[in-house]
Amino acid sequence: KLVLVDPAGFEAMFQGDPPVNLFPNSMEEMEKLLLCVLHSGFAHTREFAEQAYAGFLASGEKSIVPRLGPGLFQSARLETILPSITSPTLVVWGNEDRLFPVALAPYITSLIPGAKSVIIEEASHFPHIDKPDEFIATVQNFL
């Protein structure tokens, strides 16, 4: 079985600029990013943003992306891959996702034969962080 959570890689994602800098250069950019990807109040404090930004810098993630080269963003789009999935699939989406709007959930789900979707209320791009108990119950029920 396969569980997709607010998946990235579909064609519309590559049209225009993202709503926020996904690789923040400052605390202010980190705060904007957190507003897009997390709905929980704990994530919208300066203290949390400082911890997240420090962790992001320590991870070295920002330095890795340019080394992956242009191929990273030229790979096959989900639209071409999803129809070939034969495993039972659950698509989970946070209703408050500001990075990839929940309106995309039915579209992504429709591309996978027999897939089902669950929308988690009061959750954003990372529903497993915003609503861990509901997320775990949803996935366990599916599995």
Side-chain angles (χ1 to χ4, degrees), residues 1-85 87-112 115-143:
K1 292 184 176 183
L2 175 66
V3 177
L4 298 175
V5 182
D6 288 77
F10 44 87
E11 185 63 35
M13 183 184 127
F14 297 94
Q15 306 303 313
D17 294 326
V20 293
N21 184 355
L22 301 175
F23 303 99
N25 294 309
S26 68
M27 274 295 303
E28 291 71 26
E29 288 183 0
M30 176 58 79
E31 288 173 315
K32 288 177 184 176
L33 175 59
L34 291 171
L35 282 171
C36 272
V37 299
L38 290 170
H39 183 70
S40 300
F42 74 84
H44 303 155
T45 65
R46 183 71 176 191
E47 179 182 5
F48 185 83
E50 287 171 353
Q51 291 175 3
Y53 190 58
F56 172 70
L57 293 176
S59 74
E61 182 178 346
K62 188 175 180 109
S63 66
I64 293 170
V65 172
R67 290 186 290 178
L68 294 174
L72 174 68
F73 298 107
Q74 295 173 354
S75 59
R77 303 296 190 248
L78 285 183
E79 289 89 343
T80 63
I81 298 168
L82 296 179
S84 66
I85 293 174
S87 300
T89 301
L90 176 67
V91 177
V92 181
W93 218 284
N95 191 53
E96 302 294 330
D97 191 341
R98 294 181 188 163
L99 189 58
F100 303 140
V102 70
L104 290 166
Y107 169 65
I108 296 298
T109 304
S110 74
L111 296 173
I112 306 166
K116 294 180 170 61
S117 66
V118 171
I119 307 302
I120 297 184
E121 300 294 323
E122 297 182 32
S124 190
H125 189 66
F126 298 117
H128 51 288
I129 295 174
D130 283 320
K131 293 287 192 145
D133 293 340
E134 186 174 342
F135 178 82
I136 290 168
T138 298
V139 172
Q140 284 180 332
N141 185 52
F142 173 70
L143 297 177

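Within the 4.5 Å cutoff, side-chain heavy atoms of L78 are placed close to those of P7. Residues L22 and L99 form a side-chain contact, since some pair of their non-hydrogen atoms from C-beta on lies under 4.5 Å apart. Residues F135 and V5 form a side-chain contact, since some pair of their non-hydrogen atoms from C-beta on lies under 4.5 Å apart. At a threshold of 4.5 Å between non-hydrogen side-chain atoms, the residues V92 and V3 count as touching. K131 has its side chain out of reach of D133: every pair of non-hydrogen atoms, C-beta onward, lies at least 4.5 Å apart. The shortest side-chain heavy-atom distance between E47 and F42 does not fall under the 4.5 Å cut-off. In this structure, S117 and L90 have side chains that are not in contact, with every pair of non-hydrogen atoms separated by 4.5 Å or more. Using a 4.5 Å cut-off on side-chain heavy atoms (C-beta onward), L38 and F48 make contact.
Using a distance-only test at 3.5 Å, with no hydrogens or angles considered, a donor-acceptor pair links the side chain of T89 to the main chain of S87. Under a 3.5 Å cut-off, the side chain of D130 and the backbone N or O of S40 do form a donor-acceptor pair. A donor-acceptor pair under 3.5 Å is formed between the side chain of D6 and the backbone N or O of G94. Between the side chain of Y53 and the main chain of E28, no donor-acceptor pair closer than 3.5 Å is present. The backbone N or O of E96 sits less than 3.5 Å from a side-chain atom of S124, completing a donor-acceptor pair. Side-chain N or O atoms of H125 include none that pairs as donor or acceptor with a backbone N or O of W93 at under 3.5 Å.
To the nearest 0.5 Å, the span separating CD1 on I112 from CG on L4 amounts to 5.0 Å. With rounding to the nearest 0.5 Å, the separation of CZ in R98 from NZ in K32 is 13.5 Å. Separating the CD1 atom in I136 from the CG atom in L143 is a distance of 11.5 Å, to the nearest 0.5 Å.
Minimum interatomic distance between L34 and H44 (heavy atoms only, all atoms of both residues): O-NE2, 3.6 Å. Of all non-hydrogen atoms in A103 and P106, the two that sit nearest each other are O-CD, 3.3 Å. Of all heavy-atom pairs between T45 and G41, the closest is CG2-O, 4.0 Å. The minimum heavy-atom distance between V20 and C36, with the atom names listed, is CG1-SG, 3.5 Å.
Cation-pi geometry between K1 and F142 is met: the NZ or CZ atom falls under 6.0 Å from the ring centre, inside 45° of the normal.
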Handout entry: side chain to side chain contact (heavy atoms under 4.5 Å, CB included) assessment of V102 paired with I119
Key = CA-CA 8 Å; V102 70; I119 307 302; 3.6 Å; yes
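For the pair R46 and E31, the salt-bridge criterion is met [side-chain N within less than 4.0 Å of a carboxylate O].
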